[in-house]
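Structure, as structure tokens:
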Amino acid sequence: MSTQKPIRRVTVPQIAARKGGDPIVSLTSYHAHTAAIVDKYADFILVGDSLGMVMHGMESTVGVPLDLMIMHGKAVVRGTQRALIVVDMPFGTYEESPAVAFRNAARIMKETGCGAVKLEGGKRMAETIHFLTERGIPVMAHTGLTPQSSHVMGGFKTQGRDEDSWPMHEEDAKAVSEAGAFAIVLEGMVEPLAAKITKQIAIPTIGIGASADCDGQILVLEDMLGLNPKPPKFVKVYGDLGNQIENAVKSYADEVKDRSFPSAAQTYT
Ligand SMILES: Nc1nc(=O)c2c([nH]1)NC[C@@H]1CN(c3ccc(C(=O)N[C@@H](CCC(=O)O)C(=O)O)cc3)CN21
Ligand SMILES: CC(C)C(=O)C(=O)O
Ligand SMILES: [Mg+2]
């Protein structure tokens, strides 16, 4: 029998209470073994729908199925014990009505064991965010550059370049905060707008391509590890995994060809 006490995960209220406090650390993860590493350092881990592009080679996040989010969500929950796990609701699973959103969010939570869901949209999603949170589903909001709307926006476009659009972005953030979201991702917006919104609203802002003044930051893990050959400008590359993987694969290929792999250590006698 293990005497080790189970480690309790970071809770939604603990994240919400970090407004204006110690910066919230978060990364995406789609995979059990990498999530186990991220779990030691992140307050929450996002199973993002960017997995469609990163893991499955899709051109956008629009084609990501709910079942795929659930499969990767399960993998990350199994691989972790400490961080709060947040799973993205994919395009088409929440926009139609609060009732449809509830049905799909409840499925995500029951089947993965995650602690919260995230969905894209400001004012227009406020009613749905209220509906979910009133019924026991914590919601992280996501405004600014919302990749699921890339077909309407004409691509992945930085938001707030034109100061006339600032009031709209400020109202979006205020609306989701008042609707009950416990935190909000601000993606791809000019720095002063993200800083302004962070000061105005009561919930923590999590920046990606936004501002160092946000209450926390998030990046796509594979981007910051150096696996994405063409990362967006807002990514800081902390690792060199692309080259490390290539060198390892090349060594393996060489050793297979010259029969130095497997050697005695890797064979059953
Ligand atoms: N690997 C990956 N990383 C991400 O951060 C990410 C995804 N995938 N998929 C979903 C969205 C899409 N994201 C993106 C993708 C590209 C740009 C991009 O190319 N931006 C331009 C700026 C364009 C402008 O200024 O309007 C850039 O040069 O960085 C931005 C966000 C962020 N998310
Ligand atoms: C970039 C983050 C915020 C995201 O939504 C994702 O990875 O899908
Ligand atoms: Mg996403």
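Both backbone and side-chain heavy atoms feed into the values below; hydrogens, waters and symmetry mates do not.
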**OP:** Find out if a path of hydrophobic residues (ILVMFWY) with successive side-chain heavy-atom gaps under 4.5 Å connects Met53 to Val237.
**Re:** no
**OP:** Taking the side chain as every heavy atom from C-beta outward, state whether Phe234 and Leu219 have any pair of such atoms under 4.5 Å apart.
**Re:** yes
**OP:** Any salt bridge (charged side-chain N to carboxylate O under 4.0 Å, His left out) involving residues 79-100? Give me the pairs, sequence neighbours left out, ordered by first then second residue.
**Re:** Asp88-Lys118
**OP:** Establish whether Val47 and Met71 are linked, either directly or via other cluster members, by ILVMFWY side-chain heavy-atom contacts under 4.5 Å.
**Re:** no
**OP:** Enumerate the residue pairs fulfilling side-chain hydrogen bond (donor to acceptor under 3.5 Å, both in side chains) with a member in residues 186-199, sequence neighbours excluded, ordered by first and then second residue.
**Re:** His142-Glu187, Glu170-Lys196, Glu191-Ser211, Thr198-Thr205
Subject >> Side chain to side chain, Phe44 and Val38, heavy atoms closer than 4.5 Å >> reply: no
Original post:
Once you round to the nearest 0.5 Å, how far does CE of Met58 lie from OG of Ser50?
Top reply: 11.5 Å
Original post:
Which residue pairs pass the side-chain hydrogen bond (donor to acceptor under 3.5 Å, both in side chains) test when at least one of the two sits in residues 217-229, sequence neighbours left out?
Top reply: Asp223-Asn228
Original post:
Does Thr80 use its side chain to pair, donor to acceptor, with the backbone of Ala83 at less than 3.5 Å?
Top reply: no
Original post:
Does His72 reach the side chain of His31, with side-chain heavy atoms less than 4.5 Å apart?
Top reply: no
**OP:** Report yes or no: does Thr133 contribute a side-chain atom to a donor-acceptor pair with the main-chain N or O of His130 at less than 3.5 Å?
**Re:** yes
**OP:** Spell out, yes or no, whether Met153 and Phe156 are grouped together once hydrophobic residues are joined by side-chain heavy atoms under 4.5 Å, including indirect joins.
**Re:** no
**OP:** Quick one: do Ile218 and Val25 satisfy side chain to side chain contact (heavy atoms under 4.5 Å, CB included)? Show the steps, please.
**Re:** CA-CA 7 Å; Ile218 188 164; Val25 177; over 6 Å; no
**OP:** Search all heavy atoms of Ala175 against all heavy atoms of Ala126 and return the closest pair with its distance.
**Re:** O-CB, 4.0 Å
Original post:
Is it the case that Thr112 and Arg107 place a side-chain donor and acceptor less than 3.5 Å from each other?
Top reply: no
Original post:
Taking C-beta and beyond as the side chain, do Ile85 and Arg9 meet within less than 4.5 Å on heavy atoms?
Top reply: yes
**OP:** Sorted by first residue and then second, give each side-chain hydrogen bond (donor to acceptor under 3.5 Å, both in side chains) pair with at least one member in residues 18-27; sequence neighbours left out.
**Re:** Arg18-Asp43, Lys19-Asp215
Original post:
Around Glu127, counting heavy atoms of other residues, nucleotides and ligands shown, do more than 12 lie under 6.0 Å from its CD?
Top reply: no
Subject >> Single-linkage hydrophobic cluster, 4.5 Å side-chain cutoff, Leu221 and Ile206 together >> reply: yes
Original post:
For Phe102, what residues pass the side-chain contact (heavy atoms from CB on, under 4.5 Å) criterion, not counting sequence neighbours?
Top reply: Ala106, Phe131, Leu132, Arg135, Ile137
Subject >> Considering all heavy atoms, the nearest Pro138-Val12 contact >> reply: CB-CG2, 3.7 Å
Original post:
Okay, side chain of Thr146, backbone of Ser149: is any donor-acceptor separation there less than 3.5 Å?
Top reply: no
Original post:
Got a donor-acceptor contact below 3.5 angstrom from the Gln266 side chain to the Ser263 backbone?
Top reply: yes
**OP:** Could you walk me through whether Leu27 and Met224 pass side chain to side chain contact (heavy atoms under 4.5 Å, CB included), step by step?
**Re:** CA-CA 9 Å; Leu27 284 163; Met224 63 84 84; 3.9 Å; yes
Subject >> Test item: Ser150 side-chain N/O and Pro147 main-chain N/O as donor-acceptor pair under 3.5 Å >> reply: yes
Subject >> Shortest non-hydrogen contact between Pro90 and Thr93, atoms and distance >> reply: O-OG1, 2.7 Å
**OP:** State, yes or no, whether a side-chain contact exists between Leu84 and Thr11 at a heavy-atom distance under 4.5 Å.
**Re:** no
Subject >> Asp49 and Gln148: side chain donor to acceptor below 3.5 Å >> reply: yes
**OP:** Decide whether Met89 and Ile208 are clustered together by the hydrophobic rule: side chain heavy atoms of Ile, Leu, Val, Met, Phe, Trp, Tyr closer than 4.5 Å, transitively.
**Re:** yes
Original post:
By ring-ring contact (aromatic ring centres under 6.0 Å, His included), which residues pair with Tyr252, not counting sequence neighbours?
Top reply: Phe261
Subject >> Within-4.5 Å side-chain heavy-atom neighbours: Leu186 and Ile184 >> reply: yes
**OP:** Give, for atom CZ of Phe182 and atom CD1 of Ile15, the distance between the pair rounded to the nearest 0.5 Å.
**Re:** 7.0 Å
Original post:
Heavy atoms, side chains only, cut-off 4.5 Å: are Met140 and Val117 in contact?
Top reply: no
**OP:** Let me see the working for Ile45 and Val76 under side chain to side chain contact (heavy atoms under 4.5 Å, CB included), right down to the final yes or no.
**Re:** CA-CA 8 Å; Ile45 296 176; Val76 169; 4.0 Å; yes
Original post:
Once you round to the nearest 0.5 Å, how far does CG of Leu145 lie from NZ of Lys157?
Top reply: 9.5 Å
Original post:
Out of curiosity, Ile129 CD1 to Glu134 CD, how far, rounded to the nearest 0.5 Å?
Top reply: 13.0 Å
**OP:** Can you see which heavy atom on Gly73 is nearest to which on Val87, and at what distance?
**Re:** CA-CG2, 4.3 Å
**OP:** Could you tell me whether Glu246 and Lys250 have a side-chain N and a carboxylate O separated by less than 4.0 Å?
**Re:** no
Subject >> Polar side-chain atom of Tyr94 near backbone of Glu120 as donor-acceptor pair, under 3.5 Å >> reply: yes
Subject >> Side chain to side chain, Val176 and Asp172, heavy atoms closer than 4.5 Å >> reply: no
**OP:** Might you point out which heavy atoms bring Gly144 and Met189 nearest each other, and give the distance in Å?
**Re:** CA-CE, 3.7 Å
Original post:
Can you tell me how far the CE atom of Met125 sits from the NZ atom of Lys123, to the nearest 0.5 Å?
Top reply: 15.0 Å
**OP:** State, to 0.1 Å, how close Ala181 and Ala141 come at their nearest heavy-atom pair, and which atoms those are.
**Re:** CB-CB, 4.0 Å
Original post:
How long is the span from the OG1 atom in Thr143 to the CG atom in Leu119, to the nearest 0.5 Å?
Top reply: 11.5 Å
Original post:
Short question: side chain of Trp166, backbone of Leu193 - any donor-acceptor pair under 3.5 Å?
Top reply: no
